[in-house]
Number of protein chains: 2
Amino acid sequence: MTYQHAITALADPTRRVIIDRLRAGPLAVGAIANGMEISRPAVSQHLRVLSDAGLLTVTPSGNRRLYAIAPDGVDALRKYLDSLWDDALSAFARAAHEKAKGQ
Amino acid sequence: MTYQHAITALADPTRRVIIDRLRAGPLAVGAIANGMEISRPAVSQHLRVLSDAGLLTVTPSGNRRLYAIAPDGVDALRKYLDSLWDDALSAFARAAHEKAKGQ
DNA sequence: ACTTACGGTAAGTCATTGCTTACGATTCGT
DNA sequence: ACGAATCGTAAGCAATGACTTACCGTAAGT
């Protein structure tokens with residue numbers, strides 16, 4: 001039941017930028033913040049939110065900390081949306097059928 | 001490129017409750033607000049946000065307005081997450097491979 | 001050992017947003 | 001035609017959250 005935190009975390013545009021930067025593979029905090037307009041502490045705070053939401057994993061590597069996308073967290077959100085998608089389609093088909101019958 | 005608005009709209013817990021109420025089929029505003037703790041205008045405002053995000057459709061029916069989940073809006077979000085999912089899995093596999101080779 | 005690099009945390013500020021009450025517009029029932 | 005019902009919008013308020021600067025701990029390099 002962690003998809004709520006995940007969707008809240010992904011609602012922020014800056015956090016989606018961070019996620020996009022990690023699509024190709026793990027990165028250290030400095031590498032993520034480099035080129036972004038906000039300060040490095042701000043990036044740290046976003047990374048904290050994303051990690052708490054289960055969307056990122058952290059692996060300390062010497063001096064630095066490597067962040068990577070956690071497939072499990074993304075999957076939780078996917079499952080929620082798939083369920084919503086199924087129900088929406090069923091309701092849509094039923095509504096269309098009722099309308100055709102009524103008309 | 002409308003998935004950003006969709007994910008922002010779904011980030012609010014109250015709006016997810018509204019969406020859940022519409023899973024079974026279209027409902028009027030009063031029916032949605034009935035039993036909820038917030039006022040009806042607040043529900044109207046949420047419905048506005050969800051509609052603007054492409055997640056709901058409105059069909060006026062006499063005195064009332066029937067809101068229903070828009071499958072297209074949900075699908076846009078699904079596609080974004082599927083893409084993210086694919087990249088996350090690839091990056092994960094690559095990282096595991098590099099680690100195995102390096103170790 | 002001392003300095004430098006890396007990154008998390010704290011405190012404070014400002015904008016965003018979700019809620020309420022009040023009001024107006026449209027449609028149904030009689 | 002008139003009163004009631006349904007619903008959207010405006011204005012105002014309080015809470016949440018994203019950002020900044022300042023600070024502290026830990027690991028690497030010399």
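In what follows, chains are A, B, ... by sequence order, proteins preceding strands, each numbered from 1.
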Residues 24-41 of chain A, side-chain donor-acceptor partners within the protein, below 3.5 Å, at least two apart:
unit_1, atom_1, unit_2, atom_2, d
S39(A), OG, A42(A), N, 3.4

Show which side-chain atoms of residues 47-64 of chain B pair as donor or acceptor with protein atoms under 3.5 Å away, not counting sequence neighbours.
unit_1, atom_1, unit_2, atom_2, d
R48(B), NE, D52(B), OD2, 3.0
S51(B), OG, L47(B), O, 2.8

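Taking side-chain N and O atoms only, R40(B) has no distance below 4.0 Å to OP1 or OP2 of dT6(D). For dG8(D), one of the phosphate oxygens OP1 or OP2 lies less than 4.0 angstrom from a side-chain nitrogen or oxygen of Y67(B).
Sorted by first then second residue, the ring-ring contact (aromatic ring centres under 6.0 Å, His included) pairs that include residues 33-60 of chain B, not counting sequence neighbours, number zero. The salt bridge (Lys or Arg N to Asp or Glu O under 4.0 Å) contacts involving residues 14-27 of chain A comprise D20(A)-R23(A), R23(A)-D87(B), where partners must be two or more places apart or lie in separate chains. Pairs of residues two or more places apart, or lying in two chains, never qualify as salt bridge (Lys or Arg N to Asp or Glu O under 4.0 Å) while including a residue from residues 26-36 of chain A.
To the nearest angstrom, P of dC7(D) lies 16 Å from CG of L50(B). A straight line from CG of L47(B) to C1' of dG8(D) spans 11 Å, rounded to a whole angstrom. Between R64(B) atom CZ and dG8(D) atom C1' there is a gap of 16 Å when expressed in whole angstrom units.
Tracing side-chain contacts under 4.5 Å through hydrophobic residues (I, L, V, M, F, W, Y), one reaches L22(A) starting from W85(B); they form part of the same cluster. Taking hydrophobic clusters as Ile, Leu, Val, Met, Phe, Trp and Tyr residues chained together by side-chain heavy-atom distances below 4.5 Å, I7(A) shares a cluster with V17(A).
A pairwise comparison of heavy atoms in I69(A) and I19(A) identifies CD1-O, 3.6 Å as the closest pair. The shortest non-hydrogen separation linking L81(B) to V74(A) is O-CG1, 4.0 Å.
Not counting sequence neighbours, the partners of Y80(B) by the ring-ring contact (aromatic ring centres under 6.0 Å, His included) test are Y3(B). With sequence neighbours excluded, the residues that form a salt bridge (charged side-chain N to carboxylate O under 4.0 Å, His left out) with D75(A) are R78(A), K79(A).
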Under 3.5 Å, N/O pairs linking protein and nucleotides 25-29 of chain D:
none

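Remark: L77(B) CG to L77(A) CG distance equals 8.5 Å, nearest 0.5 Å.
Where DNA chain C meets chain A (any atom under 4.0 Å from a heavy atom), the bounding nucleotides read 5' to 3' are dA5(C) to dA10(C).
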Protein proximity profile, nucleotides 11-19 of chain D - base contact B, sugar-phosphate-only contact S, no contact -, cut-off 4.0 Å on heavy atoms | -------SB
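Axis orientation changes by 30° from one end of the helix from dA1(C)-dT30(D) to dT27(C)-dA4(D) to the other, with each end axis drawn from 5 pairs and the value rounded to 10°.
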